[in-house]
Amino acid sequence: MTKYDPHAIEPKWQAAWESEGLYHVSEDPSRPKKYVLEMFPYPSGDIHMGHVRNYTIGDVVARHSTMNGMNVLHPIGWDAFGLPAENAAIKSDSHPATWTYANIETQAASFRRMGFSYDWDRTVRTCDPEFYRWGQWIFLKFWERGLVERKSSPVNWCPSCKTVLANEQVIGEGVCWRCKSVVQKRELEQWFLKITEYAQELLDDLDTLTGWPERVKAMQANWIGRSEGAEVEFTLCDTAGDPTEQRITVFTTRPDTLFGCSFFLLAPEHPLIGELVAGTEYEANVRGIVDMAAKETSVERSSSDRTKRGAFTGRYVINPVNGEKVPVWVADYVLMEYGTGAVMAVPSGDQRDFDFARFYGLPIPPVVLAEDDPLLPELAGAHERVRADVPWDNAYDAGGILVQSGEFTGMRGGKKSEAMHAVTAWLAERGLGRETVNFRLRDWLISRQRYWGNPIPAVHCPTCGLVPVPEDELPVVLPMNVDITKGETLADHPEFYETTCPKCGGAARRETDTMDTFTCSSWYYLRYCDARNDDAPFDPAAVGYWMPVDQYIGGIEHAILHLLYSRFYTKVLRDVGLCDFGEPFTNLLTQGMVKLDGATMSKSKGNVVAPEDMIARYGADALRAYILFMAPPDKDLDWSYDGLEGMRRFLNRAWKLVDEVAAMPASSGVSGHGAAAKALRRAAAAAIAKCGGDIERFQLNTAISALMEYVNAVYDYRRDVPAGSQDNALLRAAARDLVMLMAPFTPHMAEELWRTVLCEDGSVHRQSWPRFDPSALVSNEIELPVQVNGKVRGRVVVAADASEETVVAAALALPNVVAHTTGKTVKKVVVVPGRLVSIVVG
RNA sequence: GCCCGGGUGGCGGAAUGGCAGACGCGGAGGUCUCAAAAACCUUUGGGGGAAACCCCGUGUGGGUUCGACUCCCACCCCGGGCACCA
């Protein structure tokens, strides 16, 4: 008899697996491949429960896939550039690299203690020059394709992180994703990747991602924000009110409401404003609005319930459909970064315009009326404007009948309506507008004014302008002598930035911004396929073999950020010719968060449960099984110690069972034919079927309950059959099956039971997933519930192949069924074979 | 406001339209022990009943169905994403 001692067996097998190279993989065309990937960690310290959950889920999937005969790639690495390293370095008066590499070592040790089946030969650390050099190389490919742009625009500035941020990194109420500071808008020249060129494809291809959660696809579609509509050109008038040559274009989703445009709006940041009002009596008022808008944070600016403010510019534009002159105002609710920064205001059809019109006493001519609108009898058929106000309290923005709309009067208006297409066509014929599509998605701002990142491989030459660093000069190495504790960046190091132009050879200045860390995570999964390649980011053949990732697992917080950027990178690399697929992740599992008392765990809140403590007390196997058993993987989970003891109890029971069976003589000479043996065979078949199926469906919590039920069933057999009459061969087969089923969840314990206790050959992790005998699930007698008027009133036991008449007769004969049917007429009897009998009486 | 999730015992959670509450935690009672721990056994949605059984029960109200946690309609509550996006 041996005792289950996780602390003795776990380190033993971790070392053995490593020396045996058990998890080392290479391309093998003879087996189906499977790429199982968990989002790589940021080395912020030791691992937390979220990591334990994420990587355990992936490990179970990887191990189960291997046992099912697949060639499984299951790598790990570190997303190692980024601000926390700088902050930590400042705090501890050291270098970001020191902190980062130390944390990587700590985390790697913890991962080893968890028993994860990684191929450590493929590890990447994004702060290693061997990795980031290829990130720079890919950047140059983007540049060659015209997807890199340096431009001035209003950008998000985090005052605490002292850098600009991408739109995707501004979250919630306009705060920095990392430090939660309120973000400011600044007009700055920055580096962008033109993700907007792929907006339509990124949206369309969401439909092909059938293995992704709807939630994530909805969030991405929402973020991309496609709007169908039209561009409409308004002719600008001079100060005297006469038409000029200049036109201002607006974007609208409702060209059908064009006849209801009674004023015209410009964003406070609109470049035309200065010249429109310069030297006029309106200048002071307009400047007031512009200055006020500039002062406000984006949060203040975007709260929709505040009073909208604006000022008349003194100018007019001509509405192309009716030639009407409408006043041009500047308004603080118009955004420069969406559409064209100019808006045609239709107050009867848009709540914001309505509020603005009411506040400033501007006309509100109705143009689209609901069928039951009291105004309709009066205005139906009115082609010319007879009314410039409405008796409403709110704008009407749904579909309806057009009135006061010239030749379009009487048509149906609304989004994607007849009138919308008719008006747009009318404009297009005259060169005054066209159908168009607008996206909410903005280009990806990738430059960061920070040290600890991948240097942008570019040179500013006074003669040649922006020049890419030639490929053979890569990598642009991030120098280690930058002292960020003194607030230094690359811009403080002339020996870094002083260089010569690769084109003309003249004195030039190297770019000192680094790239957003999300550029690293946008392609790391490709590097795993060929991680040690020194001649290219990866061998297309290796990527062709392993990619796309068959199962990706990670947190929902990357629903937009990382998952959108990676999709973009993949599509560009496909167009570059480095791969032949456009989507990197075929199936995605977004695992729920691990919380404590409903709150996210964090070091700053001090509510962290340390996995290392749990490993020390209960062992890694118990922790793995427990965190999976607590909740389905995709749901949030509130950490509790309550069931951990119970999980250890289960592992002890399973251990004891296998240990006892292993100690029995190989054969008892008894062959189990009785009901107990039959029940045991059935339990084994049910466990194998359920456990495997549940893993494939990611119902890992019920997969573990299937194991528990199986263990209970074997104990039932041991209890119910007298010691001398037990079928030892049957029990040994049951124990073997159990150990193999447990292998993905509790790999160390399963290995010890397999190799040491059961004395089987080879590793349990190299075994084929057990097969089950479907005939064991078939029994000759079945028990059917009998319902009377929908309520269960009894059960009949009948032969499995009994005829319907027999079943009905037996059901109707049940005493309790008789009691509920006497005095009533049996109207109908439904027999669902193998399921139930339903009797309807009345 | 728009778009996604979710609401089941004391708790975590199970249920291809077919016996609601699997499995586990916790609780109660018991066996073993001088005692305790561990282990094992019984029991555990609420109410009624000596029992057989009966009634109620999956956020609310309707509907479809022989039968609804599951499907449909309307609503309430909780969580998340987006949001002066024209």
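Here is the naming used below: chain letters follow the sequence lines, and residue numbers restart at 1 for every chain.
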Chemist: For B:G29, what is the paired nucleotide under Watson-Crick or G-U wobble rules, both distances under 3.5 Å?
Modeler: B:C41

Chemist: Answer with base, sugar-phosphate or nothing: what part of the nucleic acid does A:Q787 contact at a heavy-atom distance below 4.0 Å?
Modeler: base

Chemist: Testing A:V330, A:D332, A:D353, A:T313 for side-chain contact (heavy atoms from CB on, under 4.5 Å) with A:L265, which one passes?
Modeler: A:D353

Chemist: Heavy atoms only, 4.0 Å cut-off, all strands: where does A:V343 land among base, sugar-phosphate and nothing?
Modeler: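 If one applies the 4.0 Å heavy-atom cut-off, A:V343 turns out to touch a base.
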
Chemist: Would you mind telling me which of B:U16, B:C84, B:G24 lies closest to the side-chain atoms of A:Y333?
Modeler: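 So the nucleotide nearest the side chain must be B:C84.
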
Chemist: Counting the atoms with a prime plus P, OP1 and OP2 as sugar-phosphate, which does A:P632 contact under 4.0 Å by heavy atoms, base, sugar-phosphate, or nothing?
Modeler: sugar-phosphate

Chemist: Please state the P separation for the pair B:C19 and B:A74 - nearest whole angstrom.
Modeler: 29 Å

Chemist: Does the Lys NZ or Arg CZ of A:R247 fall within the cation-pi geometry relative to A:F234 - under 6.0 Å from the ring centre and within 45° of the axis?
Modeler: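 No, A:R247 does not sit over the ring of A:F234.
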
Chemist: What is the distance, to the nearest angstrom, from the CE atom on A:M708 to the P atom on B:A14?
Modeler: 14 Å

Chemist: Syn or anti: how is B:G27 classified when any glycosidic angle within 90° of 0 counts as syn?
Modeler: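 With its glycosidic angle more than 90° from zero, B:G27 counts as anti.
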
Chemist: Take the protein atom CG of A:N701 and the nucleotide atom C1' of B:G21, then report the distance between them rounded to whole Å.
Modeler: 15 Å

Chemist: Please determine, for the side chain of A:R649, which listed nucleotide (B:C85, B:G13, B:G26) has the closest atom?
Modeler: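 Nearest nucleotide to the side chain: B:G26.
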
Chemist: Within the 4.0 Å heavy-atom criterion, would you say A:V840 contacts the bases, only the backbone, or no part of the nucleic acid?
Modeler: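 Sugar-phosphate: the residue A:V840, judged by heavy atoms under 4.0 Å, touches backbone atoms but no base.
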
Chemist: A:F745 and side-chain contact (heavy atoms from CB on, under 4.5 Å): which single residue from A:T56, A:L651, A:D621, A:L707 fits?
Modeler: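 Result: among A:T56, A:L651, A:D621, A:L707, A:L707 is the only option passing the side-chain contact (heavy atoms from CB on, under 4.5 Å) with A:F745.
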
Chemist: Could you state the atom-to-atom distance from NZ of A:K635 to P of B:G80 in whole Å?
Modeler: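 My rounded result for the distance is 15 Å.
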
Chemist: Determine: side-chain N/O of A:S227 to OP1/OP2 of B:A86, distance under 4.0 Å, yes or no.
Modeler: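 So the side chain of A:S227 is within the cut-off, an N or O lying under 4.0 Å from OP1 or OP2 of B:A86.
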
Chemist: Take A:F518 and A:W177, measure what ring pair (Phe, Tyr, Trp, His ring centres under 6.0 Å) needs, and give me the verdict at the end.
Modeler: CA-CA 13 Å; A:F518 281 92; A:W177 69 296; 5.1 Å; yes

Chemist: Any strand counts, and the cut-off is 3.5 Å on both contacts for Watson-Crick or G-U wobble. Which nucleotide pairs with B:C85?
Modeler: none

Chemist: Give a yes/no on whether any side-chain N or O of A:R442 is located under 4.0 angstrom from OP1 or OP2 of B:C85.
Modeler: no

Chemist: Taking the six-membered ring of A:Y333 as reference, does the cationic atom of A:K308 (NZ for Lys, CZ for Arg) lie under 6.0 Å from its centre and within 45° of its axis?
Modeler: yes

Chemist: Looking only at side-chain atoms of A:N222, point me to the closest of B:C82, B:C85, B:C54.
Modeler: B:C82

Chemist: Looking at B:G61, which nucleotide sits across from it as a Watson-Crick or G-U wobble partner, both distances under 3.5 angstrom, or is there none?
Modeler: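 Per the H-bond distance test, B:C73.
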
Chemist: If you assign each of A:I839 and A:K415 to its closest nucleotide in RNA chain B, which residue comes earlier from the 5' end?
Modeler: A:I839

Chemist: Check A:A230 against A:P255 and note the closest heavy-atom contact, atom names and distance.
Modeler: CB-CG, 3.9 Å

Chemist: For A:K185 and B:C84, give me the distance from atom NZ to atom P, rounded to whole Å.
Modeler: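 One finds 10 Å between P of B:C84 and NZ of A:K185, rounded.
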
Chemist: Scan A:F650 against the nucleic acid and name what it touches under 4.0 Å (heavy atoms): base, sugar-phosphate only, or nothing.
Modeler: nothing

Chemist: Please state how far atom CG in A:N789 lies from atom P in B:U65, giving the value in whole angstrom units.
Modeler: 15 Å

Chemist: With respect to the side chain of A:R215, which nucleotide from B:G18, B:U42, B:C4 is positioned closest?
Modeler: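 Closest nucleotide among those given: B:C4.
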
Chemist: Please compare A:T253 and A:K791 by the position of their nearest nucleotide in RNA chain B and report the one closer to 5'.
Modeler: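 This one resolves to A:K791.
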
Chemist: What contact category does A:G225 fall into here, base, sugar-phosphate, or nothing, at under 4.0 angstrom with non-hydrogen atoms?
Modeler: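 Nothing: the residue A:G225, judged by heavy atoms under 4.0 Å, touches no strand.
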
Chemist: Determine the interatomic distance between P on B:G62 and the same-named atom on B:A68; round to the nearest Å.
Modeler: 14 Å

